[in-house]
Amino acid sequence: MKTFIQELKSRVLTGGEITPEEALRLCSIKNSATLDLLLDAAHEITARFRPSRPDLCSLVNAKSYLCSEDCRFCSQSSHYTTGVKRYPLMSPEEILEKAKKSEANGVQSFCVVTSGETLSDAEFKQVLATFRLLSKETRLRLDGSLGNLTGEQIRKLRESGMRRFNHNLQCSREFYPEIVSTHTYDKRMETLKFLKENSVEVCSGGILGMGETEEDRIRLAFELRPYRLHCLPINILIPQTGTPLEGRGAIAPEAIVKTVAIFRFIHPQANIKLAGGREKSLGVYFQEKALRGGANGLVVGGYLTTTGNPLQEDLDMLERSGFPLGTVNEPNCCSTGCGQNL
């Protein structure tokens, strides 16, 4: 296996690609010594293709618990009783206040996230006004996560200042019917196509630990490869009370860090970010292993409906993992929750 890992690493470092069959063989790694070899190789690929300074991203939950879709992991689905706070789309001025707090504390990227399959015409106009205001009043790199949109809507968002769009596939095509029934996998992929056609940076990833197999995780990575992702967030399920997955057992942290490393072989040039669920599922030790084994970024400041680490703790962890960032103040942004639908 050592020779196999080295051969794949050399191929990727020289611009080649690995196959699904080769990725599945990497999934067979079980012992810790071989896993460490895989992580070291993934880190070499990261060092070759990504800068040493990670792109920290924070998110604002701009519209909460108003989603008609039935994603089984999501505490913001109106199909389930979860106790999450419900509110309509925030005003541009409310979102600007949170963005400025994020910027003041050293975060470079800020994502406006809304619950729901898509936006109404009135909501879309308000989101355009929000991006224009954020572009004028901050120097943040602006992202959106706004559900399924048309090509024309994406073009208008780009013209209003949005440079990147998050649209997670969540899991493989084969496993998708186990997670959601109110929209199709092809509908999700249609929006990814519109993003590429309109020169918007693509951010797309998934959630580990929903009951999928290792083969499903590899299939997800290869579904995403044609989009040449700028950012690939890896979330780990936090089972939410009231959702169909509330009793789902935890995924082993070794399986998570192995998946991160294999994703790096498949997506050598993407920013692979640890996102929702990282703190609870990985702890500090395995987060640092993932950051030294393929990951090169974090979603910070909390998630859509759950809180995260204080920013300084994350910065200290990044520095120990070889990503020095210096010291910034703890952010106030997103303290009510932001990130993926966890």
Side-chain angles (χ1 to χ4, degrees), residues 20-21 23-24 26-28 65-84 113 115-118 145 147-148 166-193 202-227 229 232-260 262-263 266-267 272 274-278 280-282 303-306 339-342:
E21 294 74 20
L24 282 171
L26 293 176
C27 287
S28 69
Y65 200 10
L66 290 165
C67 184
S68 62
E69 305 306 292
D70 67 352
C71 305
R72 292 164 62 86
F73 59 83
C74 183
S75 60
Q76 296 197 82
S77 170
S78 59
H79 290 258
Y80 318 127
T81 302
T82 62
V84 170
V113 185
S115 66
E117 194 268 341
T118 191
S145 184
N148 293 315
N166 168 255
H167 197 68
N168 291 337
L169 289 183
Q170 310 298 15
C171 61
S172 70
R173 179 184 293 274
E174 291 77 7
F175 190 67
Y176 204 68
E178 301 294 322
I179 297 302
V180 58
S181 68
T182 48
H183 58 265
T184 67
Y185 205 73
D186 285 334
K187 185 64 175 178
R188 297 293 290 180
M189 297 191 80
E190 181 183 55
T191 297
L192 294 180
K193 178 174 73 77
V202 179
C203 171
S204 187
I207 304 173
L208 307 182
M210 296 190 292
E212 78 285 347
T213 65
E214 286 189 314
E215 186 172 5
D216 283 315
R217 296 169 199 156
I218 298 305
R219 287 171 174 165
L220 169 63
F222 279 92
E223 291 276 13
L224 290 168
R225 188 159 74 174
Y227 298 99
L229 304 177
L232 198 169
I234 295 179
N235 299 274
I236 305 101
L237 180 73
I238 301 177
Q240 298 294 300
T241 302
T243 66
L245 297 185
E246 67 172 305
R248 181 69 61 188
I251 181 174
E254 293 86 355
I256 298 169
V257 297
K258 179 170 65 174
T259 300
V260 170
I262 297 171
F263 274 35
I266 301 168
H267 294 271
I272 297 180
L274 304 179
R278 62 182 173 87
K280 183 174 181 180
S281 298
L282 293 173
Y303 308 96
L304 284 175
T305 60
T306 58
Q340 304 308 313
N341 292 339
L342 301 173

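Throughout, numbering of the chain's residues begins at 1 and tracks the sequence.
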Can you tell if the side chain of Glu178 reaches within under 4.5 Å of the side chain of Glu212, non-hydrogen atoms only? no

Could you measure the distance from the CD1 atom of Ile238 to the CG atom of Leu245? Nearest 0.5 Å is fine. 13.0 Å

Leu224 side, atom CG; Leu220 side, atom CG - distance, nearest 0.5 Å: 5.0 Å

How long is the gap from SG on Cys171 to CZ on Arg217, to the nearest 0.5 Å? 11.5 Å

Output yes when a side-chain donor or acceptor of Asn168 lies under 3.5 Å from a complementary backbone atom of Gly205, and no otherwise. yes

Main chain of His267, side chain of Arg225: is a donor-acceptor contact present, judged purely on distance under 3.5 Å? no

Say whether, by atom type as modelled, one donor and one acceptor occur between the side chain of His79 and the main chain of Ser68 under 3.5 angstrom. yes

Between Lys193 and Glu190 (salt bridge meaning N to carboxylate O under 4.0 Å), is one present in this structure? no

Quick check for you: to the nearest 0.5 Å, what is the distance between Thr81 atom OG1 and Tyr65 atom OH? 5.0 Å

Are the side chain of Glu174 and the backbone N or O of Ser172 linked by a donor-acceptor pair below 3.5 Å? no

Given the rule in the side-chain contact (heavy atoms from CB on, under 4.5 Å) test, do Glu215 and Leu24 qualify, once you have shown the distances and angles that lead to the verdict? CA-CA 7 Å; Glu215 186 172 5; Leu24 282 171; 4.0 Å; yes

Leu26 vs Ile218, test: side-chain contact (heavy atoms from CB on, under 4.5 Å). Steps then yes/no. CA-CA 10 Å; Leu26 293 176; Ile218 298 305; over 6 Å; no

OH/Tyr176 to CG/Asp186 distance, rounded to the nearest 0.5 angstrom? 10.5 Å

To check you understand the geometry: which heavy-atom pair defines the closest contact between Ile236 and Ile207, and what is its length? C-CG2, 4.2 Å

Where do Gly211 and Phe175 come nearest, in terms of heavy atoms and distance? C-CZ, 3.6 Å

Contact check, side chains of Leu282 and Val257, non-hydrogen atoms, under 4.5 Å: yes

In the structure I gave you, are the side-chain heavy atoms of Arg72 and Thr243 within less than 4.5 Å of one another anywhere? no

Could you walk me through whether Cys71 and His183 pass the side-chain contact (heavy atoms from CB on, under 4.5 Å) check? CA-CA 9 Å; Cys71 305; His183 58 265; 4.0 Å; yes

Taking all atoms of both residues into account, what is the closest heavy-atom pair of Ile251 and Ala255, and its distance? CG1-CB, 4.1 Å

Report the C-alpha separation of Lys187 and Glu117 in whole Å, then their side-chain angles, then the decisive distance to 0.1 Å, and conclude whether the side-chain contact (heavy atoms from CB on, under 4.5 Å) test is met. CA-CA 10 Å; Lys187 185 64 175 178; Glu117 194 268 341; 4.1 Å; yes

When you compare the side chain of Phe73 with that of Gln170, does any pair of heavy atoms fall below 4.5 Å? yes

What heavy-atom pair brings Leu169 and Ser204 nearest, and what distance separates the two atoms? N-OG, 3.4 Å

Would you call Glu254 and Lys258 a salt bridge, taking side-chain N to carboxylate O under 4.0 Å as the test? no

Rounded to the nearest 0.5 Å, what's the gap from OG1 on Thr259 to CD1 on Ile234? Could you check? 7.5 Å

Is the side chain of His167 donor-acceptor paired with the backbone N or O of Arg188 at a distance under 3.5 Å, no angle test? yes

Which pair of non-hydrogen atoms, one from Ala221 and one from Ile266, has the smallest distance, and what is that distance? CB-CD1, 3.6 Å

Do you know which of Ser181, Ser78, Ser77 makes side-chain hydrogen bond (donor to acceptor under 3.5 Å, both in side chains) with Asp70? Ser181

Pro233 and Asn166: which non-hydrogen atoms are nearest, and at how many Å? CG-ND2, 3.9 Å

Within-4.5 Å side-chain heavy-atom neighbours: Gln76 and Thr82: no

